[in-house]
Number of protein chains: 2
Amino acid sequence: MKTNAEQEDTALSTRERVVRAASRLMQRQGYDGTGIKQIAQEAGATLGSVYHFFPGGKQELAVAAVHYGDVEFADILREVLYSDEDPAQAVVTCTQVLAEGLRASDWADGCPVTATALGSAGRAPDIQRAAADAFANWRDIVAQALHRAGIGEADARDLGWTVINTLEGAEFAAQAAQSDEPLRIAGEHLARLIGSYRAA
Amino acid sequence: MKTNAEQEDTALSTRERVVRAASRLMQRQGYDGTGIKQIAQEAGATLGSVYHFFPGGKQELAVAAVHYGDVEFADILREVLYSDEDPAQAVVTCTQVLAEGLRASDWADGCPVTATALGSAGRAPDIQRAAADAFANWRDIVAQALHRAGIGEADARDLGWTVINTLEGAEFAAQAAQSDEPLRIAGEHLARLIGSYRAA
DNA sequence: CCCCCTCTAGAACGAACGCTCTATCCAGGG
DNA sequence: CCCTGGATAGAGCGTTCGTTCTAGAGGGGG
């Protein structure tokens, strides 16, 4: 059961493989549902290596995993938002990309940040902070794209919040219902909402 | 450490106390982060009682906990939506209620359904189905309120999805950022979106 | 050649996990 | 009175958890 580990063995460093495995596993199973030994095995590493790179233990590793998911999705977000000069249409494309990812994984791969952070919020402030940073990062990316398209700075900032939050909520609903309908509808509504600000 | 258990000892049945404790604890700590012994202790019950009422073990208890959170929030939702004949304003009130609950618990009590279902989606289809049922239930309540206010049936159904999903996403963002701003903004945007349908 | 340091390797520990099991309590019918 | 069955009580099962620890592999600089 190290199907993916083999492929990654060649190019990536051990540390990178561990972080990727942690991010992917916690995305599916949450923080408490994922064991360090499972992460090590999936990454093709040993326990010693994991604790060598992350002496802070599971929490430090989870922070790195959340940060990895942060930049991973930020890259996708930037790419999609830059691909269309109409931000409303770009957001619709975004929902399609999310739906595609969900469907491709049999509705298993939701938001990597949410699943990791949700259960551990009270106990591990570091993880919660990393999740908040991710959301702030994504929101800024959306807000900049909207502002670039002619929407006022304050409105763009507020819309950044709601776009990210609605995508988040719709992705989880799609995951639970095993249907891309929530994401499709969210795309329509967000496009309509953005459009109502661009007209003004 | 059985502060709440004492208060509930008098009126509620053991089964009810166990379900409430499970719902509240899993809401904070997730499915895997909550132990059955902890639930029993918090409920003022013993392990034997828990397995007497839930022979299906932790999974069956989690399903009951999710269902409990379902009807609990459905009651609040109905009450708030019926309190104002303007559904846009009612949704804003809804965000305020959620923000109040979050703030009162020091940003610990988010959505009871999400936290329980997120980590256990792949392993426990029963829990996932209970979560999907909860979302569908809430969506119907919102859709009915919108339809009653004069919005077309199809539009009301679609808006039901997005209202619930945006509330969900905004609540988690508020929890992560420890600020009610995401919920406040979500309320404004949802009201604007609903208004754009009512005018048409 | 040896030393040193980064990294790998995995056995071992105490604690906690979900769950099973037996024993006991107690109200209601015979 | 005993008997029965739902409910309570908690010790104990095997397993897995996060973590620690010691040992070794491998490669440059002295």
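In what follows, every chain begins at residue 1, and chains take the letters A, B, ... in the order their sequences are listed.
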Pairing string, 5' to 3', for DNA chain C - Watson-Crick or wobble contacts under 3.5 Å, brackets [ ] where pairs cross, | to another strand: ...||||||||||||||||||||||||..|
Can you measure [X] atom [atom1] to [N] atom [atom2] for me and round it to whole angstrom units?
{"X": "A:Gln59", "N": "D:dC17", "atom1": "CD", "atom2": "P", "result": "18 Å"}
{"X": "B:Leu25", "N": "C:dG18", "atom1": "CG", "atom2": "P", "result": "12 Å"}
{"X": "B:Leu61", "N": "C:dC19", "atom1": "CG", "atom2": "P", "result": "10 Å"}
{"X": "A:Phe54", "N": "C:dT8", "atom1": "CZ", "atom2": "P", "result": "12 Å"}
{"X": "A:Lys58", "N": "C:dA15", "atom1": "NZ", "atom2": "C1'", "result": "14 Å"}
{"X": "A:Tyr51", "N": "C:dA12", "atom1": "OH", "atom2": "P", "result": "18 Å"}
{"X": "B:Ile36", "N": "D:dT16", "atom1": "CD1", "atom2": "C1'", "result": "16 Å"}
{"X": "B:Ile39", "N": "C:dC17", "atom1": "CD1", "atom2": "P", "result": "10 Å"}

Is the closest side-chain donor-acceptor distance between [X] and [Y] under 3.5 Å?
{"X": "B:Thr14", "Y": "B:Arg17", "value": "yes"}
{"X": "A:Gln128", "Y": "A:Ser120", "value": "no"}
{"X": "B:Thr95", "Y": "B:Arg184", "value": "no"}

Less than 4.0 angstrom from a charged side-chain N to a carboxylate O is my criterion; do A:Arg123 and A:Asp32 meet it? yes
Charged N to carboxylate O under 4.0 angstrom, A:Arg20 versus A:Glu16? yes
Any chance the rings of A:Phe172 and B:Phe135 have centres within less than 6.0 Å? yes
When you check every protein heavy atom under 4.0 Å of nucleotides 5-12 of chain D, what one-letter string (B, S, -) results, 5' to 3'? -SBBBBBB
Side chain to side chain contact (heavy atoms under 4.5 Å, CB included) partners of B:Gln38, counting only residues at least two apart: B:Leu25, B:Gln29, B:Thr34
